[in-house]
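Each ligand, and each atom within it, is numbered from 1 in the order the structure gives.
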Amino acid sequence: MAKVLTLDEVDLEGRTVLVRVDINSPLDPINNVFLDDTRIRRIIPTLNKLTKSKVVLLAHQSRPGKKDFTSTLGHSRELGRLLGRNVKWVDDIYGKKALTAIENMEDGDLLMLNNVRMDEGEMTTKGDFVAMSETMMVQNLSMIADAFVNDAFACAHRSSPSIVGFTNVLPCVAGELMNYELSKLGQALENPKRPCIAVLGGIKVGDSVVVADNMLRGGISDHIWVTGGVANLFLHLSGIDLGELNVNFLKNEIKEKWDETVAIASALLKDFPECIIMPSDVALNITGNRVDHPLKDLPIEAPIFDLGITSIQSLSKAIKSAGTIILNGPAGVFEVSDFALGTIEMLNACAESEGYAVMGGGHTATLVSQRGLADKMGHVSTGGGASLELLAGRTLPGLASLEESAKQFRFSISKPLDHQ
Ligand code: 3PG
């Protein structure tokens with residue numbers, strides 16, 4: 001377990017505390033209404049420990065260029081509703097408006113800044129902790145804050161100013177959710193029961209391929225079952241003709257990471273041909289209807305929206321007989337009910353399995369809670385990429401930052417012994 005500072009060890013009463021959270025949530029594409037507030041609920045334990053501080057929340061929603069890239073105003077209202085407390089919001093991140101709003105805060109106040117990904121420095125700054133600390137965001141906010149709390153486990157795998165920029169500048173403390181995730185995922189890693197399978201789906205294909213690489217080369221997973229967009233890439237690279245429409249969709253999702261992703265996936269297929277399990281049939285969306293086809297019928301110029309029935313059955317069987325299951329991302333376009341079958345069946349299989357099932361990813365967590373399956377899983381993580389990267393043995397920049405900061409600031413901010 002990492003040596004990080006925790007909220008129980010520090011005295012933040014009467015202090016101005018920056019709290020980075022990950023409340024990036026699924027929104028209704030029509031009216032931006034929250035489809036799931038799980039991530040917002042999960043930061044409440046941290047806020048409950050800071051009721052005597054001035055709490056400034058830094059958060060993001062999606063990424064520039066995506067349909068659900070919006071301000072955090074709705075998030076502040078949703079948080080206020082859940083807490084039954086007033087959560088102020090300011091249409092600024094570190095400019096005059098934000099700094100004035102922070103200066104006017106009183107103990108017990110909560111203020112949410114606008115989407116930190118609206119800041120170019122947040123999106124483009126590259127380099128180490130020092131480079132991140134030289135950004136305007138870190139320079140301006142650290143001038144009026146006493147400490148930084150990182151409770152954004154779900155983006156601890158991203159290196160950006162709002163995650164790692166405060167490392168050397170302010171005492172950085174792990175929030176309650178961050179600690180909980182680290183301990184639960186740590187349990188999955190300590191001596192995983194075999195066979196350990198990873199089920200990787202969704203559309204963050206580039207990230208999943210890197211994780212598959214780490215898991216197979218590091219001997220963490222015995223098999224990788226691929227679903228969703230990840231399956232389409234491996235099928236395409238194995239020589240299955242998915243049709244121009246499906247290949248173009250993939251290229252459009254992976255964008256500039258295409259060559260790199262293809263190189264890693266191709267090497268995996270060559271080095272671990274028995275360990276990557278691909279679907280044997282797919283469900284196509286043919287003018288709004290689900291039509292299942294074995295791979296030999298392809299190409300058919302219609303979008304692939306789910307695993308086919310035979311593949312769903314094989315995957316469910318493998319999940320039920322696994323010792324450990326690490327699952328991330330939906331198996332198909334679960335938002336359209338006819339194509340939710342693969343995703344629902346694999347989650348049901350996880351709930352029924354005797355194995356330790358770790359669920360990751362915003363969409364997966366939403367579905368697990370909507371279907372009332374959370375209690376039947378080993379752990380439902382708020383992180384997608386972050387939990388996978390941790391389980392794959394990679395160092396998370398957000399965690400490295402907390403460890404480094406603890407070395408520097410432990411004695412400057414610790415509670416006196418008799419208060420602990
Ligand atoms: C997530 O939803 O996985 C986190 O909020 C990180 O989002 P990102 O993949 O856009 O960095």
Not counting sequence neighbours, which residues clear ring pair (Phe, Tyr, Trp, His ring centres under 6.0 Å) with F334? List them please.
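Expected list: H363.
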Partners passing ring pair (Phe, Tyr, Trp, His ring centres under 6.0 Å) against Y356 (at least two apart in sequence or in another chain)
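For Y356, no residue satisfies ring pair (Phe, Tyr, Trp, His ring centres under 6.0 Å) once neighbours in sequence are set aside.
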So if I only count non-hydrogen atoms and take anything under 4.0 Å from ligand 1, which residues does that give, chain by chain?
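Around ligand 1, where the cutoff is 4.0 Å for heavy atoms, the contacting residues are D22, N24, R39, H60, R63, R117, A154, R158, K204.
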Before giving the answer on salt bridge (Lys or Arg N to Asp or Glu O under 4.0 Å), spell out for R394 and D207 the whole-Å C-alpha distance, their side-chain angles and the decisive distance to 0.1 Å.
CA-CA 12 Å; R394 297 182 93 198; D207 288 351; over 6 Å; no
Sequence neighbours excluded, which residues qualify as salt bridge (Lys or Arg N to Asp or Glu O under 4.0 Å) partners of D107?
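D107 satisfies salt bridge (Lys or Arg N to Asp or Glu O under 4.0 Å) with K54 once adjacent residues are dropped.
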Scan side-chain atoms only and decide if S162 and E122 contain a donor-acceptor pair under the 3.5 Å cut-off.
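On atom types as modelled, these side chains qualify, holding a pair under 3.5 Å.
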Classify the angle between the aromatic ring planes of F339 and F305 as parallel (below 30°), tilted (30 to 60°) or perpendicular (above 60°).
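If you compare the ring of F339 with that of F305, the planes turn out perpendicular.
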